[in-house]
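First up is the structure itself, then whatever we jot down about it.
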Amino acid sequence: MEAATASNKIVNRDEITDAFTDSAQIPEKYIRTDEVRAGVVVGEDDDCYCELPVVDMARLLDPELSASETLKLGSACRNWGFFQLTNHGVDEGVIQHMKDNTADFFGLPLDSKNAVAVRGDGFEGYGHHYSRLSKLDWAESVILITQPVQDRNMELWPTNPPTFRHALDRYSAETTSLIRRLLSYMAADLGVGEAALLDAFSGKRQSMAIHHYPACRHPDKVMGNTAHTDGLGLTVLLHVDDTPGLQMLRGGRWFPVRPLPGALVVNVGDILHIVTNGAYKSVQHRVLVNAERGRTTAVVFQDASVDGMVTPLPELLLKAGEAPRYRSIPRFEYLKVRFSALAKREGFLESLKL
Ligand SMILES: O=C(O)CCC(=O)C(=O)O
Ligand SMILES: [Fe+2]
């Protein structure tokens with residue numbers, strides 16, 4: 001209970017009651033009706049409705065189509081901060097294996113999942129429920145560092161299902177190359193050398209959050225994932241099933257992301273926002289819960305920094321003749337402040353503005 005009242009604590013899953021299955025009796029600590037209702041959700045028949053941009057990796061790779069698709073990629077990052085990526089080239093078998101293992105893990109009894117429960121002050125493991133203003137998210141999650149390999153904490157990598165580790169390892173390797181591919185086109189769009197942007201990301205930490213949002217018969221009362229911007233460089237999200245729920249803020253309204261079959265959802269994080277001097281936008285998003293169906297996602301967060309600093313890319317400032325719009329801050333300090341501010345998961349980027 002203490003954990004539930006703390007403003008920014010990661011709460012161990014074993015403190016959550018079995019109310020997940022009995023949604024008629026939702027404990028008070030999950031009730032967040034005001035937050036769910038906050039803001040207008042854009043409907044498909046609204047005037048301002050238009051589809052989330054789709055970027056096609058096959059077109060990026062095609063010498064004849066690459067230039068126009070690169071413009072599309074740039075425009076998505078500048079104007080939306082989000083896009084769906086089709087023909088991404090991640091091996092289908094690797095994706096299926098990842099989906100199967102993720103779904104199987106969440107299907108296990110609580111005791112089995114708690115074999116890799118969060119320990120002490122750590123952030124890795126199973127059981128995260130970010131609480132805010134004494135409220136909890138309607139979700140169970142596993143968070144793990146996936147790259148570089150020597151940073152992995154294998155004690156917290158599930159061994160049940162037995163193929164989970166292998167699936168995660170392969171998926172992580174595939175997404176690392178995918179992110180490199182994407183960054184080379186982002187560099188072209190930004191007008192900077194490929195090496196400058198790749199160096200900011202390569203060898204940096206990658207972590208994954210695997211979320212399960214159980215169905216809730218009263219979805220207007222609970223929040224799957226509190227509105228936030230992502231704190232690292234780039235985020236790649238895999239829908240394990242086709243249940244919608246992700247919404248991104250656009251023009252002051254919540255815009256529901258409709259998962260395209262076979263696509264990955266990519267979004268700009270705060271560090272890439274700063275690295276591009278605000279050209280690429282890190283935008284707020286949240287997850288609402290579905291009344292009928294559970295929802296599972298596997299999210300890759302790729303960290304980035306420039307010579308140990310979170311800072312606008314010097315080459316970009318030089319080429320564009322721009323003054324920095326964000327204060328430079330050492331990466332370790334950035335992470336410390338950014339992730340201790342989970343209780344107020346918005347506003348940090350603003351505080352770095354010059
Ligand atoms: O599960 C989702 O759709 C989004 C998760 C998310 O935003 C996050 O983990 O940062
Ligand atoms: Fe996020």
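Numbering starts at 1 and runs along the sequence shown. Owing to the predicted nature of the structure, the values given are computational and were not obtained by experimental measurement. As the structure lists them, so they are numbered: ligands from 1, and atoms in each ligand from 1.
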So, R286 and E35, do they make that salt bridge, N to O below 4.0 Å?
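Looking at E35 together with R286, the answer is no, because their closest N to O distance does not fall below 4.0 Å.
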
Is the closest basic N to carboxylate O distance between R258 and E51 below 4.0 Å?
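Yes.
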
Minimum heavy-atom distance between L182 and L85, given as atom pair plus value:
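Residues L182 and L85, closest heavy atoms: CD1-CD2, 4.1 Å.
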
Could a heavy atom of R286 be found less than 4.0 Å from some atom of ligand 1?
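Outside the 4.0 Å threshold, so no.
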
Can you give the angle H228 NE2 - the Fe ion (ligand 2) - D230 OD1, rounded to 10°?
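Seen from the Fe ion (ligand 2), NE2 and OD1 are separated by roughly 90°.
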
Need the atom name: nearest N/O/S atom of H285 to the Fe ion (ligand 2).
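For H285, the N, O or S atom at the smallest distance from the Fe ion (ligand 2) is NE2.
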
Please list, in number order, the atoms of ligand 1 under 4.0 Å from a heavy atom of [X].
X    : result
V287 : 1 (O), 2 (C), 3 (O), 4 (C)
F301 : 8 (C), 9 (O), 10 (O)
D230 : 10 (O)
T297 : 1 (O), 2 (C), 3 (O)
H211 : 1 (O), 5 (C), 8 (C), 9 (O)
Y213 : 1 (O), 2 (C), 4 (C), 5 (C)
H285 : 7 (O)

In terms of the angle between their ring planes, are [X] and [Y] parallel, tilted or perpendicular, with boundaries placed at 30° and 60°?
X    : Y    : value
W138 : Y30  : perpendicular
Y334 : F348 : tilted
F105 : F164 : tilted

On a heavy-atom basis, I'd like to know which of H228, M208, Q284 is closest to atom 10 (O) of ligand 1.
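Selected option, by shortest heavy-atom distance: H228.
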
Check whether any side-chain heavy atom of R152 lies under 4.5 Å from a side-chain heavy atom of E124, and answer yes or no.
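No, every pair of side-chain atoms sits at 4.5 Å or beyond.
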
Below a 4.0 angstrom heavy-atom separation, can you tell me which part of T235, side chain or backbone, both or neither, approaches ligand 1?
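Neither part.
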
Please evaluate residues H228 and D230 with respect to the criterion side-chain hydrogen bond (donor to acceptor under 3.5 Å, both in side chains), reporting the C-alpha separation (whole Å), side-chain torsions for both, the decisive distance (0.1 Å), and the verdict.
CA-CA 6 Å; H228 65 283; D230 290 343; 3.1 Å; yes

